K.L.:
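Input: one structure, supplied below.
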Amino acid sequence: MPKEADSPKKLHSNRAALTHKVGYALRHPERVGPYVRRAGRDAWLRLRHPDHIGYYRAVMAHDTRRDPEAAVGSRSHDRWLALGRMQFDYLLEHGLRPEHRMLDIGCGNLRGGWRFIDHLDTGHYYGIDISPDILIAAKRTLTRRGLQAKLPHLTLTGDLRLDFLPDDHFDVVHAHSVFSHSPLSVIDECLAHVGRVMTDTGFFDFTFDRTEGTEHQVLREDFYYRTDTLLTLAAQHRLHARFMEDWEKRPHGQSKIRVSRSPLPS
């Protein structure tokens, strides 16, 4: 499910605005052709898949056939490794221990997941994704890394209600570059149910494309939200939420919010 921009973090302007599109095309004429092709695919898939999950599942099927690592937004294998390492190192610094149970929403082809699987006790990693194609690629990653004995759960899902998962089970829930491709209704659905599957001391980290201007989307793939919008949405579901300033120092184009059932330490 996840795809992302590799550029350094910055507050995004309204990329859906005509002025932005014209200016960008003038500065980067070589990218006009790929954008037109992407817009054509977007229009075709919108007709075939009016619901967002069906639409994005089709996007991932198309991209995964070409290159599973590029499908999750990595322009090279080295970048794929570096972004996975960044996710892993961050949670390790924030106390991820082998005995913890982890839910990885939008696990993709295990860019970060294989490191979590290796670190966690056997059976303690649970990865879910909306794309059957990327989960097949995840199993190949698992095999290449020789991690079959760690018995991770890799499960296809069609929504984020998480109703097939037990109460009070996960110490860490993680969604990297998922909400950057999700309309607000999908984020709301996840926040409405994630508290149930977390332990009382657990937390949920998610990244998002941040703008402090007009919230907008580009085609049906990329969504840009204000921080306050997501913090307020979490509070409406009785979750404590905090913008993670230390993540801003990482060489990554998205920002991060952490939510928990219990008050978060400052």
Side-chain angles (χ1 to χ4, degrees), residues 1-17 20 52-53 55-56 59-60 71-74 83-84 86-91 94 102-108 111-113 127-131 157 159-160 162 172-195 198 202-237 239-260 264:
M1 186 170 185
K3 299 198 297 183
E4 66 193 285
D6 291 343
S7 58
K9 207 178 329 290
K10 62 182 179 180
L11 291 177
H12 295 290
S13 60
N14 187 346
R15 296 186 176 189
H20 174 86
H52 182 74
I53 297 297
Y55 167 86
Y56 208 74
V59 168
M60 290 301 293
V72 297
S74 300
L83 287 167
M86 192 187 311
Q87 297 173 45
F88 177 73
D89 286 349
Y90 185 81
L91 287 186
H94 281 253
M102 179 178 182
L103 172 63
D104 201 2
I105 298 173
C107 63
R111 176 175 56 186
I128 64 175
D129 207 288
I130 65 167
S131 169
T157 188
D159 57 57
L160 293 181
L162 310 176
V172 175
V173 182
H174 181 249
H176 186 90
S177 195
V178 174
F179 290 174
S180 51
H181 303 291
S182 301
L184 201 60
S185 60
V186 171
I187 300 174
D188 181 61
E189 178 180 81
C190 184
L191 292 175
H193 297 282
V194 72
M198 284 192 291
F203 62 82
F204 171 33
D205 276 11
F206 62 84
T207 63
F208 67 104
D209 277 325
R210 180 164 63 103
T211 180
E212 297 306 329
T214 302
E215 294 183 331
H216 60 282
Q217 68 185 73
V218 177
L219 305 179
R220 204 176 173 186
E221 293 186 34
D222 303 313
F223 295 78
Y224 298 83
Y225 295 107
R226 291 189 296 272
T227 304
D228 285 347
T229 295
L230 301 181
L231 294 177
T232 299
L233 190 61
Q236 290 172 357
H237 293 293
L239 296 169
H240 300 270
R242 179 157 61 91
F243 182 77
M244 302 303 287
E245 292 284 357
D246 62 342
W247 176 259
E248 295 294 291
K249 302 171 185 177
R250 310 275 167 156
H252 189 279
Q254 296 175 10
S255 294
K256 185 185 287 282
I257 286 174
R258 174 169 295 173
V259 302
S260 176
L264 291 161

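Here the structure is a predicted model, which is why all the values come from computation and not from measurement.
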K.L.:
Starting from the C-alpha separation in whole Å, work towards a yes-or-no answer on side chain to side chain contact (heavy atoms under 4.5 Å, CB included) for E248 and R210.
P.N.:
CA-CA 11 Å; E248 295 294 291; R210 180 164 63 103; 2.9 Å; yes
K.L.:
Find the distance between CG (D188) and CG (L230) and round it off to the nearest 0.5 Å.
P.N.:
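The CG atom of L230 is 10.5 Å from CG of D188, to the nearest 0.5 Å.
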K.L.:
First locate atom CD of Q254, then atom CZ of F206, and finally report the distance between them rounded to the nearest 0.5 Å.
P.N.:
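Here the interatomic distance stands at 11.5 Å.
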K.L.:
Say whether H94 and D205, considering side chains only, have a donor N or O and an acceptor N or O under 3.5 Å apart.
P.N.:
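Note: H94 and D205 side chains miss the donor-acceptor criterion.
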K.L.:
Nearest 0.5 Å please: distance from the CG atom of D209 over to the OG1 atom of T211.
P.N.:
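The OG1 atom of T211 is 9.5 Å from CG of D209, to the nearest 0.5 Å.
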K.L.:
Just how far is it from atom NE2 of H240 to atom CZ of F203, taken to the nearest 0.5 Å?
P.N.:
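Here the rounded value is 15.5 Å.
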K.L.:
If you apply the rule side chain to side chain contact (heavy atoms under 4.5 Å, CB included), what do you find for C190 with I105, and how did you get there?
P.N.:
CA-CA 10 Å; C190 184; I105 298 173; 4.0 Å; yes
K.L.:
If you round to the nearest 0.5 Å, how far is CG of D246 from CZ of R258?
P.N.:
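If I round to the nearest 0.5 Å, the distance is 7.5 Å.
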K.L.:
Taking it one step at a time, do I130 and M60 satisfy side chain to side chain contact (heavy atoms under 4.5 Å, CB included)?
P.N.:
CA-CA 9 Å; I130 65 167; M60 290 301 293; 5.6 Å; no
K.L.:
Once you measure the plane-to-plane angle for H176 and W247, does it fall in the parallel (<30°), tilted (30-60°) or perpendicular (>60°) bin?
P.N.:
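Judged by the thresholds at 30° and 60°, the geometry between H176 and W247 is perpendicular.
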K.L.:
Kindly write out the residues that satisfy side chain to side chain contact (heavy atoms under 4.5 Å, CB included) with A241, not counting sequence neighbours, or none if the list is empty.
P.N.:
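So A241 forms a side chain to side chain contact (heavy atoms under 4.5 Å, CB included) with L231, A234, I257, V259.
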K.L.:
Can H193 and L160 be said to form a side chain to side chain contact (heavy atoms under 4.5 Å, CB included), step by step?
P.N.:
CA-CA 8 Å; H193 297 282; L160 293 181; over 6 Å; no
K.L.:
Are the ring centres of Y225 and F208 closer than 6.0 Å?
P.N.:
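No; F208 has its ring centre 6.0 Å or more from that of Y225.
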K.L.:
At what distance, to the nearest 0.5 angstrom, does CD of E212 lie from OG1 of T229?
P.N.:
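The OG1 atom of T229 is 8.5 Å from CD of E212, to the nearest 0.5 Å.
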